[in-house]
Amino acid sequence: MYRTHTCGELRLHHQGQQVTLAGWVQRIRKLGAITFVDVRDRFGITQLAFYEDSDKENFDKANELGREYVIQVTGIVRERDSKNPNLPTGDIEVVPHTLRILNASKTPPFTIEDETDGGDELRMKYRYLDLRRNPLKNNLMLRYRIGMEVRRYLDSLGFIDIETPFLIKSTPEGARDFVVPSRIHPGHFYALPQSPQTFKQLLMVAGFDRYYQIVRCFRDEDLRADRQPEFTQIDCEMAFVEQEDILQTFEGLVRHLLKEIKGIEVGPFPRMSYADAMRLYGCDKPDIRFGMQFVELNDIAKGFGFKVFDEAELVVAINAQGCAHYSRKQIDELMEYVRRPQIGAGGLAWMKRDENGLKSSFDKFYTPSQLEAIAEKAKVTNGDLLLILAGPEAKTRKALHELRMYMGEKLGLRKPDEFAPLWVLDFPLLEWDEETGRWHAMHHPFTSPKPEDIHLLDSDPGSVRANAYDMVLNGNEIGGGSIRIFDRQLQKKMFQLLGFSDEKAQEQFGFLMNAFEYGAPPHGGIAFGFDRLVALLGGHETIREFIAFPKNNAGRDLMIDAPSPIDEEQLQELHISTINPQV
RNA sequence: GGUCCGGUCGUUCAGUUGGUUAGGAUGCCGCCCUGUCACGGCGGAGAUCGCGGGUUCGAGUCCCGUCCGGACCGCCA
């Protein structure tokens with residue numbers, strides 16, 4: 001071994017012991033006849049003290065060191081003359097009698113400090129240096145701990161981890177597939193799984209009635225701060241369960257994680273229907289750390305001659321409590337926010353109550369009692385500011401949701417150390433896709449409809465609710481799943497609704513429907529976005545900081561420079577020619 | 001497919017109405033310093049201002065194009 005202790009380990013009680021440490025040079029402080037060297041490994045930092053008077057040879061050698069040199073020292077642990085209370089090892093230092101340079105280092109392109117001076121691009125290019133920094137190191141350690149706790153919890157409930165293949169078959173539903181050409185079968189392609197969905201259902205048919213996997217998934221769609229082309233799911237499936245069993249089991253998982261990782265105890269998770277989430281928050285993943293629920297004003301605001309409201313399909317408001325003092329300029333700024341093309345509201349109406357009474361941007365169209373009625377419905381008390389949007393229903397709800405989140409952020413109501421999970425239930429089974437002019441599965445094509453809604457499948461497909469559920473944490477969807485269809489006839493019906501011909505359905509999903517003919521148990525499951533969950537528990541919304549080697553926002557790996565062109569030879573072997581060969 | 005922001009010494013940021021010796025901080029190098037821990041002091045080196053074109057007597061600054069990075073919309077069952 002190159003060391004007897006780690007750099008974060010030594011304390012006062014080690015005083016007098018001879019130890020050997022190995023690590024990276026964090027910083028060197030030359031004071032003349034003394035040189036201090038901080039040596040770092042992933043466990044911590046220990047100070048080394050070199051003296052010109054007593055050990056000229058090592059002193060001179062220490063003065064030759066540079067940042068990030070890899071060194072090994074052997075010496076005696078000593079109590080410091082002046083202690084550093086900011087460091088766990090701050091009471092001691094090591095006085096080396098041997099110093100070995102294991103490897104020199106170029107000066108790194110950015111400082112290896114908690115607050116680095118490096119920009120994103122550089123840090124991505126030198127990711128292995130960025131990972132030496134505490135924040136990233138701690139993020140990866142958090143990720144590992146959460147993974148371990150997930151396994152511990154699921155294992156204790158009898159779940160078993162089974163691997164599923166990465167080279168599978170491309171399917172038309174859902175996200176764009178990453179595709180892998182087959183060398184052996186010219187013109188044929190594998191696809192990388194968007195999730196192990198069908199495989200875990202087949203494992204249920206196979207009798208492994210509690211399955212899980214912390215598994216990589218691949219989707220060839222555009223990236224975001226919280227989306228990578230390859231990401232990790234906690235993928236789970238259970239047989240012989242109803243929705244309630246799944247909710248209990250996985251609510252338990254998240255409760256376990258919050259307790260073990262954050263030391264937070266949470267009670268039973270609130271449950272909300274999709275319809276209520278949309279009605280009260282304009283969004284299917286509401287952040288319920290703060291109130292500010294939607295108040296619909298159609299019945300009391302329309303019909304009094306204010307055109308903006310009268311002509312709107314929906315007039316809806318949020319009450320920003322305590323914001324009545326907002327200046328004209330501040331309100332204008334909110335107006336600008338909602339009018340940005342990406343939000344798309346036409347304008348913003350407001351009403352406030354302060355020591356001067358009730359005032360609004362639409363006073364002249366209403367009598368005082370009509371205004372009072374609005375204020376009363378929205379519970380506008382002294383000091384409150386009501387923000388009102390009007391327009392087409394779906395668009396207006398979405399815009400008000402954005403405004404609500406914006407206000408929540410502005411008012412400091414989205415506290416990163418507070419965790420408010422909830423279940424959103426009863427999602428629609430199908431949604432209409434304007435572009436293709438057909439129904440799409442909102443969750444996926446294997447999701448079962450609610451039994452009481454099955455009779456609507458033909459007459460009113462859009463109103464059929466699914467046995468589907470999302471787990472939402474602080475405004476982020478962290479997991480979602482459903483009770484599956486396990487009946488071949490119903491599955492066939494679903495494929496019909498989704499516009500698959502019998503032949504196409506057989507070709508794409510025949511393996512699953514055939515399996516259902518051999519005794520498929522009732523089953524259902526859920527998948528959590530592991531990266532997102534880790535990021536949230538780590539107090540961030542950018543998952544990139546919690547992945548060792550992530551891609552940038554254009555799907556590129558700046559460190560290894562991927563994707564990249566391949567040799568003509570390699571293309572030929574794969575029976576591929578490119579339409580626009582790269583320069 | 002689209003919108004917005006950015007690209008200036010190794011790094012990070014400033015740079016006025018177009019005329020500067022292109023500046024600060026940090027890092028790097030040298031000298032001084034026996035208790036520092038973001039050590040301190042003094043000195044030094046370090047920039048074809050992303051790239052190409054245009055306007056102009058004159059472009060880091062204005063215009064067009066392009067590349068790269070970041071955020072977002074569409075997209076993500």
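Labels below follow one simple rule: chain letters A, B, ... track the order of the sequence lines, proteins then strands, and each chain is numbered from 1. Every value quoted in this text rests on a predicted model; they were computed, and no experiment measured them.
For the P atoms, the distance linking B:C33 with B:U11 amounts to 34 Å, nearest Å. A distance of about 32 Å separates the P atoms of B:U56 and B:G2, rounded to the whole Å. Nucleotides B:G74 and B:A22 place their C1' atoms 42 Å apart, quoted to the nearest Å. Between B:U21 and B:C62, the two C1' atoms lie 24 Å apart (nearest whole Å). Taking atom P on both nucleotides, B:G6 is separated from B:U17 by 16 Å, rounded to a whole Å. B:G60 and B:U16 have their P atoms separated by 12 Å, given to the nearest Å. Separation of the P atoms belonging to B:A14 and B:C9 is 13 Å when rounded to the nearest angstrom. Nucleotides B:U12 and B:G46 are separated by 15 Å at their C1' atoms, to the nearest Å.
Between A:Arg29 and B:U36 there is no side-chain polar atom (N or O) within less than 4.0 angstrom of OP1 or OP2. Here A:Arg340 does not reach the OP1 or OP2 of B:C73: none of its side-chain N or O atoms lies under 4.0 Å away. Contact annotation: A:Arg227 side-chain N/O to B:C75 OP1/OP2 distance is not under 4.0 Å. Between B:C73 and A:Arg224, a contact under 4.0 Å exists linking OP1 or OP2 to a side-chain N or O. For the pair A:Asn553 and B:A71, the criterion of a side-chain N or O lying under 4.0 Å from OP1 or OP2 is met. The phosphate of B:G41 has neither OP1 nor OP2 within less than 4.0 Å of any side-chain N or O from A:Lys30.
The base-pairing partner of B:U36, taking Watson-Crick or G-U wobble contacts with both distances under 3.5 Å, does not exist among the strands shown. If you check B:U12 for Watson-Crick or wobble pairing at under 3.5 angstrom, you find it paired to B:G24. Pair assignment for B:A71 gives B:U3, based on Watson-Crick or G-U wobble hydrogen-bonding distances that are each under 3.5 Å. Under the Watson-Crick and G-U wobble criteria, each requiring two contacts below 3.5 Å, nucleotide B:G65 is paired to B:C51. Base pairing analysis places B:G60 opposite nothing; no Watson-Crick or G-U wobble pair with both distances below 3.5 Å involves it. Pairing of B:C31, defined by two Watson-Crick or G-U wobble distances under 3.5 Å, is identified with B:G41.
In terms of polar N and O atoms assigned as donor or acceptor, the side chain of A:Arg556 never comes within less than 3.5 Å of the base of B:C68 in a complementary pairing. Judged by atom type and distance alone, A:Arg27 does not reach the base of B:U36 through any side-chain donor-acceptor pair under 3.5 Å.
Side chain of A:Tyr469 to backbone of A:Ser482: a donor-acceptor contact under 3.5 angstrom is found. When atom types are taken as modelled, the side chain of A:Glu541 and the backbone of A:Asp226 share no donor-acceptor pair closer than 3.5 angstrom. Formation of a donor-acceptor pair under 3.5 Å by the A:Gln47 side chain with backbone atoms of A:Thr89 is not found in this model. Looking only at distances, a side-chain donor or acceptor of A:Asp177 sits under 3.5 Å from a matching main-chain atom of A:Thr171. For the pair A:Lys450 (side chain) and A:Asp426 (backbone), a donor-acceptor distance under 3.5 Å is absent. For the pair A:His540 (side chain) and A:Thr542 (backbone), a donor-acceptor distance under 3.5 Å is absent. Side-chain N or O atoms of A:Lys61 include one that pairs as donor or acceptor with a backbone N or O of A:Leu99 at under 3.5 Å.
Using cut-offs of 30° and 60° for the angle between ring planes, the A:Phe509 and A:Phe495 rings count as parallel. Between A:Tyr274 and A:Phe427, the angle of the ring planes lies from 30° to 60°, which puts this pair in the tilted group. Ring geometry for A:Tyr126 against A:Tyr128 counts as perpendicular: the plane angle is over 60°, on a 0 to 90° scale with 30° as the lower cut.
Backbone-only engagement by A:Glu121 is indicated by non-hydrogen atom pairs under 4.0 Å involving sugar-phosphate atoms exclusively. Residue A:Leu122 is in sugar-phosphate contact alone, with no base atom involved, counting any heavy-atom pair closer than 4.0 Å across all strands shown. Residue contacts shown for A:Phe36 include a base, since a base heavy atom lies under 4.0 Å away. Residue contacts shown for A:Pro445 include a base, since a base heavy atom lies under 4.0 Å away. Residue contacts shown for A:Ser195 include a base, since a base heavy atom lies under 4.0 Å away. Using a 4.0 Å heavy-atom criterion, one finds that A:Gly90 contacts no nucleic acid atom at all. Note on A:Glu52: nothing from the nucleic acid sits closer than 4.0 angstrom, heavy atoms only. Among the atoms of the strands shown, none is found under 4.0 Å from any heavy atom of A:Ala49.
Comparing B:U36, B:C72, B:G70 by their nearest atom to the side chain of A:Arg544 picks out B:G70. Residue A:Asp38 places its side chain closer to B:C37 than to any other of B:A71, B:C73, B:C37. Nearest nucleotide to the side chain of A:Leu558, out of B:C37, B:G69, B:U36: B:G69. Distances from the side chain of A:Asp120 to the nucleotides B:C39, B:C37, B:G70 place B:G70 closest.
Of the residues near RNA chain B, A:Arg219 and A:Asn552, the one whose nearest nucleotide (by heavy atom distance) lies more toward the 5' end is A:Asn552. When each of A:Ala554 and A:Lys398 is assigned the nucleotide of RNA chain B with its nearest heavy atom, A:Ala554 is the one assigned upstream, toward the 5' end.
Going from atom CD1 of A:Ile112 over to atom P of B:U11 covers 14 Å, rounded to whole Å. Rounded to whole Å, the distance from CG on A:Asp561 to C1' on B:G69 is 14 Å. The distance from atom CZ of A:Arg78 to atom P of B:U36 is 14 Å, rounded to the nearest whole Å. What separates CD of A:Glu221 from P of B:C72 is a distance of 16 Å, to the nearest Å. The distance between atom CD1 of A:Ile28 and atom C1' of B:C33, rounded to the nearest whole Å, is 16 Å. Distance, A:Met405 CE to B:C72 P: 13 Å, rounded to whole Å. Between A:Tyr337 atom OH and B:A71 atom C1' there is a gap of 12 Å when expressed in whole angstrom units. What separates CZ of A:Phe178 from C1' of B:C76 is a distance of 12 Å, to the nearest Å.
Side-chain atoms of A:Asn467 and A:Ser448 form a donor-acceptor pair, as typed in the model, at a separation below 3.5 Å.
A pairwise comparison of heavy atoms in A:Met204 and A:Ala239 identifies SD-N, 3.5 Å as the closest pair.
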Treating primed atoms plus P, OP1 and OP2 as sugar-phosphate and everything else as base, which nucleotides of nucleotides 24-29 of chain B get B, S or - for protein heavy atoms under 4.0 Å? ---SS-
